[in-house]
Amino acid sequence: MQCPVCHNKDSKVIDSRSIEEGIAIRRRRECEKCKFRFSTYEEVEILDLSVVKQDGRRENYIREKVENGLKRALEKRPVDQEAFKRLVSHVERDIQLKSKSASSKNNGTRREIETSKIGEIAIKYLKELDPVAYIRFASVYKSFKDIDSFKKELKKIS
Ligand SMILES: [Zn+2]
């Protein structure tokens with residue numbers, strides 16, 4: 001099973017479980033090379049991750065939400081499907097690295113991360129990928145403290 005982040009061919013299976021009454025099997029894997037953890041079931045997904053919103057509420061991590069934010073920033077920008085997939089994988093890997101174990105006793109393996117951190121990670125990779133998308137995304141997430149620092153960033157890319 002190829003690693004979606006570094007494309008290394010070797011991943012080890014951490015565990016397998018039968019879901020939907022045995023119809024499907026989900027395998028949790030870890031890349032031997034970059035240690036990215038993912039599961040295989042129809043598509044690669046991040047498991048057991050909660051997102052902590054600004055008001056403190058938690059919700060399950062949904063890849064689509066992250067993808068939609070990135071897509072909006074990249075609208076009409078020259079970034080192809082492959083590059084976009086790579087971007088999402090890199091963002092998700094960093095989300096895993098920066099997430100921490102949730103303290104709740106009921107869900108042992110559950111991890112969580114703040115939405116602001118996800119924003120920072122996305123900004124970091126967009127900056128490398130496409131300067132216009134980076135500015136768009138960063139302005140939406142209000143990561144600039146004031147209008148001057150925003151202008152400075154604009155100047156850098158123009
Ligand atoms: Zn890897």
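Remember, it's 1-based here, ligands and their atoms both numbered in the order they're listed.
Between the side chain of Gln96 and the backbone N or O of Arg37, at least one donor-acceptor pair lies under 3.5 Å.
The ring-ring contact (aromatic ring centres under 6.0 Å, His included) pairs that include a residue from residues 64-87 number zero, where partners must be two or more places apart or lie in different chains.
For the atom pair OH (Tyr125) and CG (Leu70), the distance works out to 12.0 Å, reported to the nearest 0.5 Å.
If you look at the Zn ion (ligand 1), the protein N, O or S atoms less than 2.8 Å from it are Cys3 SG, Cys6 SG, Cys31 SG, Cys34 SG.
Atom NZ of Lys35 is surrounded by more than 12 heavy atoms from other residues, nucleotides or ligands within 6.0 Å.
We find that Lys124 and Asp94 are joined by a salt bridge, their nearest charged nitrogen and carboxylate oxygen being less than 4.0 Å apart. Using a 4.0 Å cut-off between a side-chain N of Lys or Arg and a carboxylate O of Asp or Glu, Lys100 and Glu114 qualify as a salt bridge.
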